[in-house]
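Heads up: the structure comes next, in structure tokens.
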Amino acid sequence: MSENSEASGTPSGTTTSAGGSTPGPQPEPLRFFGTTWVDHDGGYGLRRAGAAVGSLVAAVASCYVLRFAYQGLEIAEVGSLVGMLVVLMFAVCSAIAFRRTWDGFSRRPADPSREDSLRGLKSIGFIGSLLAYFFRSLLEAPGEKLRRTEYETALAQYVKRRSTRTGNPAARRSARGKRTGRK
């Protein structure tokens, strides 16, 4: 969320599709959705359906890849303990990746460095992340709730700041003083 158009990387004279300039905070684009999540326009429904189907297809394809990898371990005859540890590792990492990805859709991480350190774990549990993306796509665009809350808060603060700054404060003080003197 940015109020200054320079901070968001867009020029100060940014125009909307209607042709007018847009002062104030700008919505933060979402991956695969851009800013269509704001008004649910521009093929938002189709994009959500595509994101849901795409993430589910990718999760199923990933399960097949892991199945082939497990069969490779069986062919190599590494033993049942190693096979069980591999399955357990992918299951635990997928569960953690699902939870972290799901939480990331509704709130910003409290400690970004911790999230960076868990990036490898989330990479191993990529199936969990894909499933979280699928389930969230059924409800909304992944991350829409967080971005909408931030955008509406920034917009309300902007409107409040703009409304308190209107007029000349010196003129208001002198006008009040004159009114109280008349009574």
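Small disclaimer: the values here were computed from a predicted structure and weren't measured.
For the residue pair Arg147 and Pro29, the shortest heavy atom distance occurs at NH1-O, 3.5 Å. Gly128 approaches Phe98 most closely through the heavy-atom pair O-CD1, 3.3 Å. The two residues Ala141 and Tyr44 have their closest heavy-atom pair at N-OH, 3.2 Å. Closest approach of Gly125 to Ala97, counting heavy atoms only: O-CB, 3.1 Å. The minimum heavy-atom distance linking Gly83 with Tyr70 is given by the pair O-CE1, 3.7 Å. Between Pro27 and Thr35, the shortest heavy-atom contact is O-CG2, 3.8 Å.
Shown here are the salt bridge (charged side-chain N to carboxylate O under 4.0 Å, His left out) partners of Asp39, two or more places apart in sequence or in another chain: there are none. In this structure, the side-chain contact (heavy atoms from CB on, under 4.5 Å) partners of Ser62, at least two apart in sequence or on a different chain, are Phe126, Ile127, Leu130. Shown here are the ring-ring contact (aromatic ring centres under 6.0 Å, His included) partners of Phe90, two or more places apart in sequence or in another chain: there are none. A search for salt bridge (charged side-chain N to carboxylate O under 4.0 Å, His left out) contacts involving Asp41 returns nothing, not counting sequence neighbours. With sequence neighbours left out, Arg100 forms a salt bridge (charged side-chain N to carboxylate O under 4.0 Å, His left out) with Glu115. With sequence neighbours left out, Val92 forms a side-chain contact (heavy atoms from CB on, under 4.5 Å) with Leu88, Ile96. Checked against side-chain contact (heavy atoms from CB on, under 4.5 Å), Arg31 has no partners two or more places apart in sequence or in another chain. In this structure, the side-chain contact (heavy atoms from CB on, under 4.5 Å) partners of Thr153, at least two apart in sequence or on a different chain, are Thr149, Gln157. For Arg114, there are no salt bridge (charged side-chain N to carboxylate O under 4.0 Å, His left out) partners at least two apart in sequence or on another chain.
With hydrogens and angles disregarded, a donor-acceptor distance shorter than 3.5 Å links the side chain of Trp37 to the backbone of Glu28.
Put simply, Leu66 and Leu56 are part of the same group of oily side chains (I, L, V, M, F, W, Y) that touch within less than 4.5 Å, one to the next. Using a 4.5 Å cut-off between side-chain heavy atoms of Ile, Leu, Val, Met, Phe, Trp and Tyr, with links allowed through other members, Tyr133 and Leu121 fall into different hydrophobic clusters. Hydrophobic clustering (side-chain heavy atoms under 4.5 Å, transitive across Ile, Leu, Val, Met, Phe, Trp, Tyr) groups Phe135 together with Leu139.
Salt bridge annotation for Arg148-Glu140: absent, with no cationic side-chain nitrogen under 4.0 angstrom from a carboxylate oxygen. Under the 4.0 Å criterion applied to side-chain N and carboxylate O atoms, Glu144 and Arg47 are not assigned as salt-bridge partners.
Counting only residues at least two apart or in different chains, salt bridge (charged side-chain N to carboxylate O under 4.0 Å, His left out) contacts with residues 76-99 comprise Arg99-Asp103. Among residues at least two apart or in separate chains, there is no ring pair (Phe, Tyr, Trp, His ring centres under 6.0 Å) pair with a member in residues 45-65.
Taken to the nearest 0.5 Å, the CD1 atom of Ile124 stands 9.5 Å off from the OG atom of Ser94.
Hydrophobic side-chain contacts under 4.5 Å tie Val53 into a cluster, directly or through other members, with Val57.
No side-chain heavy atom of Phe32 sits less than 4.5 Å from a side-chain heavy atom of Pro142. Side chains of Lys145 and Phe105 form no contact here, defined as non-hydrogen atoms less than 4.5 Å apart.
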